[in-house]
Amino acid sequence: MRSRSAGHLLVEALIAQGVDTVFGVPGESYLAVLDGFHEHRERIRFIGCRQEGGAAFMAEAQGKLSGRPGICFVTRGPGATNASIGLHTAFQDSTPMILFVGQVASDQRDREAFQEVDYRQMFGPGTLGMAKWVGEVHDADRLPEYVARAFHTALQGRPGPVVLVLPEDMLTHMTSVPVLPRVQPALAWPAPGALRDLRALLLAAERPLLIAGGTPWEAESCKALQRFAENWQLPVACGFRFQDSFDNRHPLYAGDVGIGINPKLAARVREADLILALGVRLGEMTTGGYTLLKAPRPAQKLVHIHAGAEELGRVYAADLLLQASVSCAAKALETLAAPPAVPWIEWALAAHADYEANHLAQAVEPLDMAVLVKTVQRMAPADTVYTNGAGNYSGWLHRYVRYHGMQHHGRTQLAPTSGAMGYGVPAAVAAALLHPQRTVVNVAGDGDFLMTGQELATATGYGAGRGAGKLISIVVDNGSYGTIRMHQERDYPGRVSGSELFNPDFVALARAYGWAAHRVERTIDFEPAFATALAATLPTLIHVKLNTDVSTTRATLTAIREAARQREAS
Ligand SMILES: Cc1ncc(C[n+]2csc(CCOP(=O)(O)OP(=O)(O)O)c2C)c(N)n1
């Protein structure tokens, strides 16, 4: 085996894992790796981003889209701190991801050398919710072992982010060790006895509800889930921001259990006598703040199926716990013999009828977000990827986009269950770069957009959205951090502080980045603007002006404030 630097070896190891694109911001701490990317530029590309938060979000989106770890490279101290938002998102969203961090040279360690941080302390598993594992590589010959372990750890059990720390001097050591083969994650199958118990619980149920979500769903497991649901006529809801786990057009679809949940679905979750939670973590957002399922002992019978042993029994005392990968669980469930008839047909039909009724919206003038979102889905190709960050504006996507199950076009919803603002733009840029044939539509709030809007330059620089697939970002400008304003009006009516925004001219800003841009102030002007964007040869930003008072898909700020004042008065 020829000798080369560990930096080159690392790039070869990534290629052996099937990686062809990585995201990052360069730093002097890992020059040998950057040189490796130059060496192997025909087989792997380094997308240089404009801020590590953007790069880490892009890698997270890569992990969501591919089911394999998204890869991000950043420099020490400032680079790693900027990247932490993407790491946190990958953790909360159970997305496989590896963050490589350049580190000070070994002979400088522990002096608080320039930009030195102890990443085991900063991101370590003891720190709730940042990384599954933090490894530091001190021996160039062992780099393949660390990389393979990073892939396994990111993919197995509950998927998530891993950090590999790379001391600068280690990267320049010469080594002749070979790379290891592509990692295939070990899968966990449900035990036959547990499946029998699950069947018995189903047979005893009258109002069951399946909640699907988490990761890693893909085409085959989504198909298996659908067959299981059909065999048993089970109504299926999706967990918060996992709306593409089950086809929203299917007659058994009941809606999503997340922020802005359909009140009828919330009632149905409470009324259910059996909740079958498949792949979802049963976190705060999917349980309505642990109220739809009362913690720690729910009123409903609860079966929780999850790949991570640590998730089972984390909060809830369930009636049955199954540790299994979602793909294995779904395949096992579809073989579960269903009775000739189930007693909950009416219940299942009503669940879907409630979902359909929730699609109807009261008209809003002059700009109707419900119509806007429905227009996007009517006009955009069926395999369009939708991205968003955090903010009330995302409620219109959650409520009105009918996400297709992953058996149709893979993942089409890139949205942070972590509630990280700024996610949508970089996720969209990553999706457009990774799938140039597919159209990507980002919807961002005005606050949300400017957290990572600099990545428009990355899109322009790397030619995203210039081919068959379009890249479109719709900025919903209500002149405020509207979600926070909503909370203020609810808890401190009329006392607005810190949530008003001064915005730039978004059209001029987008054009300065080399994007096409349009402004829309009325519903009727949206369709022509979106048609122009779908025909454009440049990525396009559509700046949508929304009245600040339009707060959520269901309420205005005025109504929220008045209700709060009445509560105060009574
Ligand atoms: C990185 C980050 N910072 C702060 C918050 C808290 N936060 C949640 S929503 C929100 C306001 C979002 O404003 P905007 O994007 O304009 O959307 P809107 O709510 O107005 O629709 C804020 C500040 C967050 N979720 N993420």
Output all residues satisfying side-chain hydrogen bond (donor to acceptor under 3.5 Å, both in side chains) with [X], sequence neighbours left out; order by chain, then residue number.
X: Arg241; result: Ser394, His398
X: Thr552; result: none
X: Ser245; result: none

Inset, instruction - Taking atom CD of Gln121 as the centre, report whether more than 12 heavy atoms of other residues, nucleotides or ligands fall under 6.0 Å from it. - result: no

Inset, instruction - Verify the neighbour count for atom CD of Glu28: are there more than 12 heavy atoms of other residues, nucleotides or ligands below 6.0 Å? - result: yes

Inset, instruction - Only counting residues at least two apart or in another chain, list the ones meeting side chain to side chain contact (heavy atoms under 4.5 Å, CB included) with Ala510. - result: Leu456, Trp515, Ala517, Leu541

Legend entry - side chain to side chain contact (heavy atoms under 4.5 Å, CB included) involving Glu218 - partner list, sequence neighbours excluded: Glu220, Ser221, Ser327

Inset, instruction - Determine, stepwise, if the pair His8 / Arg2 fulfils side chain to side chain donor-acceptor pair (under 3.5 Å). - result: CA-CA 12 Å; His8 283 213; Arg2 73 195 165 79; 5.7 Å; no

According to ring-ring contact (aromatic ring centres under 6.0 Å, His included), who are the partners of [X], at least two apart in sequence or on a separate chain?
X: Phe526; value: Phe530
X: Phe449; value: Phe506
X: His409; value: His404

Result block: side-chain N/O donor-acceptor pairs under 3.5 angstrom for residues 42-49, not counting sequence neighbours:
from: Arg45; atom 1: NE; to: Thr21; atom 2: OG1; distance (Å): 3.0
from: Arg45; atom 1: NH2; to: Thr21; atom 2: OG1; distance (Å): 3.4
from: Arg45; atom 1: NH2; to: Leu433; atom 2: O; distance (Å): 2.8

Heavy-atom check, side chain of [X] versus side chain of [Y], under 4.5 Å:
X: Arg68; Y: Pro96; answer: no
X: Asp169; Y: Ser106; answer: yes
X: Val385; Y: Thr439; answer: no
X: Phe123; Y: Ser84; answer: yes
X: Pro144; Y: Val177; answer: yes
X: Gln92; Y: Pro416; answer: no
X: Thr537; Y: Arg466; answer: no
X: Val476; Y: Asp446; answer: no

Inset, instruction - Quick one: pull up CG in Leu155 and OG in Ser325 and give me the separation to the nearest 0.5 Å. - result: 10.5 Å

Would you list the atom pairs, donor with acceptor, under 3.5 Å between side chains in residues 128-135 and any protein atom, with sequence neighbours excluded?
from: Lys132; atom 1: NZ; to: Thr153; atom 2: O; distance (Å): 2.6
from: Lys132; atom 1: NZ; to: Gln156; atom 2: O; distance (Å): 2.7
from: Lys132; atom 1: NZ; to: Arg158; atom 2: O; distance (Å): 2.7

Legend entry - side-chain contact (heavy atoms from CB on, under 4.5 Å) evaluation trace for Glu455 with Thr458: CA-CA 5 Å; Glu455 302 304 339; Thr458 309; 2.5 Å; yes

Closest approach of [X] and [Y], non-hydrogen atoms and distance?
X: Glu116; Y: Asp110; answer: OE2-N, 2.7 Å
X: Ala59; Y: Cys72; answer: CB-CB, 3.7 Å
X: Ala32; Y: Leu171; answer: CB-O, 3.5 Å
X: Thr215; Y: Ser94; answer: OG1-O, 2.6 Å
X: Val280; Y: Gly239; answer: CG1-CA, 4.0 Å
X: Met170; Y: Ala6; answer: O-CB, 3.3 Å

Quiz question: by atom type and distance under 3.5 Å, do the side chains of [X] and [Y] form a donor-acceptor pair?
X: Asp141; Y: Thr175; answer: yes
X: Glu168; Y: Ser29; answer: no
X: Arg314; Y: His306; answer: no

Closer than 3.5 angstrom, by distance alone: can the side chain of [X] be matched with the main-chain N or O of [Y] as a donor-acceptor pair?
X: Gln51; Y: Gly53; value: yes
X: Asn442; Y: Ser473; value: no
X: Thr548; Y: Asn478; value: yes
X: Glu311; Y: Gly279; value: no
X: Thr384; Y: Val440; value: no

Legend entry - Pairs satisfying side chain to side chain donor-acceptor pair (under 3.5 Å), at least one member in residues 410-422, at least two apart: Thr89-Ser418, Asp93-Thr417, Gln243-Gln413

Charged N to carboxylate O under 4.0 angstrom, [X] versus [Y]?
X: Glu60; Y: Lys64; answer: yes
X: Arg519; Y: Asp505; answer: yes
X: Glu136; Y: Arg76; answer: no
X: Arg485; Y: Glu500; answer: no

Inset, instruction - Output every pair passing ring pair (Phe, Tyr, Trp, His ring centres under 6.0 Å) with a member in residues 70-99, not counting sequence neighbours, ordered by first then second residue. - result: Tyr30-Phe73, Phe37-Phe73, Phe73-Phe100

Inset, instruction - Step by step, work out the side-chain contact (heavy atoms from CB on, under 4.5 Å) result for Gln184 and His152. - result: CA-CA 7 Å; Gln184 291 301 346; His152 273 294; over 6 Å; no

Inset, instruction - Could you check Asp448, Asn388, Asp477 and say which one makes a side-chain hydrogen bond (donor to acceptor under 3.5 Å, both in side chains) with Tyr393? - result: Asp448

Legend entry - Phe240/Glu284 under side-chain contact (heavy atoms from CB on, under 4.5 Å): CA gap, chis, key distance, verdict: CA-CA 10 Å; Phe240 177 55; Glu284 185 181 345; over 6 Å; no

